[in-house]
Amino acid sequence: MNEELRSWIAEARWFGGKGRDWELTAVRRVGELPDAPDGLRVTIELAEVVYGGDHSDTELYQLPLAYYREPQDRLAHALVGEWHDEELGQAYVYDAVHDRESMALWLRAFAAPPTSTARGLLDFHSLAGHDLDLEAHSTLFSGEQSNSSVAFGEDALMKVFRKVTPGVNPDIAIHQVLTEAGSTHVAALYGWLDLVDDETNTTIQLAMLQQFLRTASDGWDLALASVRNLFAEADLHADEVGGDFAGEAARLGVALAEVHADLAEHFPLEQRDAAVVDALATAMEQRLTAAIDIVPDLAIHEAALRETYGRLRGLDHIDVQQVHGDLHLGQTLRTSKGWKIVDFEGEPAKPLAERLEPDSAWRDVAGMMRSFDYAPRVVALSGGYDAEESDQRTYRAAEWSARNRTAFLDAYTSSRGVDADRTAEVLLDAYLADKVVYEAVYEARNRPGWLSIPLAALGETR
Ligand SMILES: Nc1ncnc2c1ncn2[C@@H]1O[C@H](COP(=O)(O)OP(=O)(O)O)[C@@H](O)[C@H]1O
Ligand SMILES: O=P(O)(O)O[C@H]1O[C@H](CO)[C@@H](O[C@H]2O[C@H](CO)[C@@H](O)[C@H](O)[C@H]2O)[C@H](O)[C@H]1O
């Protein structure tokens with residue numbers, strides 16, 4: 001059985017260990033959904049993946065599985081393998097997020113949490129104020145995701161976390177706080193699923209159920225469409241063509257300011273002294289050193305980047321609070337009622353405990369501003385323009401970027417009531433620089449054809 005599971009995990013799009021040397025060391029069944037019809041068992045299992053020879057690096061992946069006595073042709077694409085089950089005998093095992101029968105049991109468990117005897121270690125929670133549509137059929141999202149998202153009709157969206165760790169999941173904690181605070185800038189939280197292990201006294205948060213923003217448009221796609229409009233009218237300026245994005249950029253600035261204000265009210269608000277600011281500068285400098293090893297072209301910008309980080313050392317303190325932590329246009333959705341921000345999981349590379357640590361709000365602002373710089377460069381790069389057209393588009397790209405960055409930043413600062421003073425400027429410059437360096441490494445590893453995007457940005461002044 002482990003061999004079949006191992007090959008299936010190796011191919012899964014959410015598996016983070018691709019290209020590394022790893023072993024599947026254990027698979028533990030941690031719960032079973034009640035009320036399954038005869039011939040079906042719906043389980044949740046945790047797979048332990050260990051890297052390298054010394055076993056120092058371990059990850060846990062959640063596997064929601066559907067065990068069927070009979071093969072299910074409609075699920076052939078989601079077959080994990082065939083192995084023996086103590087109740088069903090030889091069973092056909094499928095990835096349950098693809099299976100409507102199994103997902104209906106999950107949804108029902110949120111609506112009416114099963115009794116303690118039936119639920120084993122699983123603890124379903126739901127927030128008051130929304131009646132789930134139990135007749136809704138499930139559909140698995142097909143995008144490039146690090147988790148698995150399943151929509152239930154037009155009503156609800158469930159995110160099944162794949163790589164899991166004991167402790168509070170920031171996506172759930174932040175959605176709960178913002179939902180209870182009545183924020184209009186997130187999809188309301190409906191419920192979540194905990195795995196409670198009394199023996200080890202740990203809880204692992206397995207899934208989150210929230211409002212499905214069915215008709216929303218992705219902010220990144222909207223930005224690209226706006227840039228294409230501008231590029232199609234090469235003689236006009238950004239404010240003269242249809243599809244100008246500056247109004248949306250400003251509304252995004254207000255949305256982020258309001259989310260930050262709610263987070264500041266409901267999570268700790270702290271001040272970090274000069275020693276901590278110093279450590280922040282050092283961390284950025286170290287990231288740069290490591291990044292130059294991976295992207296040698298960064299070296300020509302090293303002196304300027306170090307100077308930008310060094311300016312942090314002149315600050316005697318900074319204010320920190322709960323932030324999003326990984327914000328870009330792809331984490332925003334435009335609905336008819338305004339902008340929503342999604343995916344509060346923080347930077348996936350960071351340990352869970354660190355992701356709920358207070359941070360500077362300028363990190364999120366910088367993340368969005370980098371996105372406004374990316375969008376026109378991506379269109380310019382992939383538009384198939386000749387040399388003369390390219391020069392024109394490069395000029396227009398810079399114009400689009402500057403216009404939307406300014407609209408976003410001005411709206412953010414005035415809505416939050418913060419001054420764009422020296423401290424703000426030093427912090428924003430440092431976070432922008434840190435993010436470009438991160439992007440250079442990200443692109444070198446994942447999309448080498450786009451490495452020129454952060455490198456070109458470094459060659460220009462902000
Ligand atoms: N409540 C929602 N309604 C509709 N679409 C959503 C909702 N939340 C997230 N999405 C979309 O689902 C996709 C994955 O969401 P995300 O939270 O980023 O997942 P992951 O953690 O797997 O990256 C994104 O395209 C996002 O825009
Ligand atoms: O979506 P994730 O949270 O996994 O973030 C990673 O992937 C992003 C790309 O999808 C990457 O973002 C970079 O590319 C975006 C365009 O695709 C652009 O809008 C962002 O500004 C740029 O940083 C992100 O850096 C990476 O962590």
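All ligand and atom numbering here is 1-based and tracks the order in the structure. Only heavy atoms go into these numbers, but all of them, side chains included; no hydrogens, no water, no symmetry mates.
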Strictly by modelled atom types, are [X] and [Y] linked by a side-chain donor-acceptor pair under 3.5 Å?
| X | Y | result |
| --- | --- | --- |
| H185 | D262 | no |
| S149 | Q145 | yes |
| R306 | T289 | yes |
| E32 | T43 | no |
| S371 | W220 | no |
| H260 | Y412 | yes |

- prompt: Hey, does A216 sit under 4.0 Å from ligand 1 if you only count heavy atoms?
  reply: no
- prompt: Looking only at heavy atoms of R214, does any of them come nearer than 4.0 Å to an atom of ligand 1?
  reply: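 No, R214 has no heavy atom closer than 4.0 Å to ligand 1.
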- prompt: Can you pull the residues with any heavy atom under 4.0 Å from ligand 2?
  reply: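 Contacting ligand 2 under 4.0 Å are W220, D326, H328, Q331, R370, S371, Y374, K435, Y438, E439, Y442, R447, W450.
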query: Cation-pi between R377 and W450: NZ/CZ under 6.0 Å from ring centre and within 45° of the ring axis?
result: no
task: Determine, for Y51 and R20, whether the Lys NZ or Arg CZ falls below 6.0 Å from the six-membered ring centre while staying within 45 degrees of the axis.
output: yes
Who's the nearest protein heavy-atom neighbour of [atom], and how far?
| atom | value |
| --- | --- |
| atom 18 (O) of ligand 1 | D343 OD2, 3.1 Å |
| atom 15 (O) of ligand 1 | Q145 NE2, 4.0 Å |
| atom 12 (O) of ligand 1 | F141 CE2, 3.3 Å |
| atom 17 (O) of ligand 1 | K159 NZ, 2.7 Å |

Ligand-residue contact atoms, ligand 1 with [X], heavy atoms, under 4.0 Å:
| X | value |
| --- | --- |
| L157 | 1 (N), 2 (C), 3 (N), 6 (C), 7 (C), 8 (N) |
| A187 | 1 (N) |
| F212 | 3 (N), 4 (C) |
| Q210 | 1 (N), 8 (N) |
| Q331 | 18 (O) |
| E345 | 21 (O) |

- prompt: Do E399 and R403 sit within salt-bridge range, that is, some charged N less than 4.0 Å from a carboxylate O?
  reply: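 No.
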field: Contact (N/O only, under 3.5 Å) between Q211 and ligand 1
entry: yes
query: L213 to ligand 1: N or O pair under 3.5 Å?
result: yes
message: I want to confirm something. Looking only at heavy atoms, which of V342, L209, L333, D221 is nearest to atom 5 (N) of ligand 1?
response: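 The option holding the nearest heavy atom is L333.
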Test log, rule salt bridge (Lys or Arg N to Asp or Glu O under 4.0 Å), inputs R214 and D155: CA-CA 8 Å; R214 190 182 59 84; D155 182 44; over 6 Å; no
query: Measuring from R334:CZ to T332:OG1, what's the distance to the nearest 0.5 Å?
result: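 Between R334 CZ and T332 OG1, I get 10.5 Å after rounding to 0.5 Å.
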- request: For N404 and F408, run side chain to side chain contact (heavy atoms under 4.5 Å, CB included): C-alpha distance rounded to whole Å, both residues' side-chain angles, the deciding distance at 0.1 Å, then the answer.
  value: CA-CA 6 Å; N404 288 293; F408 168 78; over 6 Å; no
task: Inspect the surroundings of CG in D131 and state if more than 12 heavy atoms from other residues, nucleotides or ligands are less than 6.0 Å away.
output: no
query: Heavy-atom count around R29 CZ within 6.0 Å, excluding the residue itself: above 12?
result: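 Yes - once you tally the heavy atoms of other residues, nucleotides and ligands closer than 6.0 Å, there are more than 12.
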message: Tell me whether atom 24 (C) of ligand 1 lies less than 4.0 Å from at least one protein heavy-atom position.
response: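 Answer no: nothing from the protein, no heavy atom, is under 4.0 Å.
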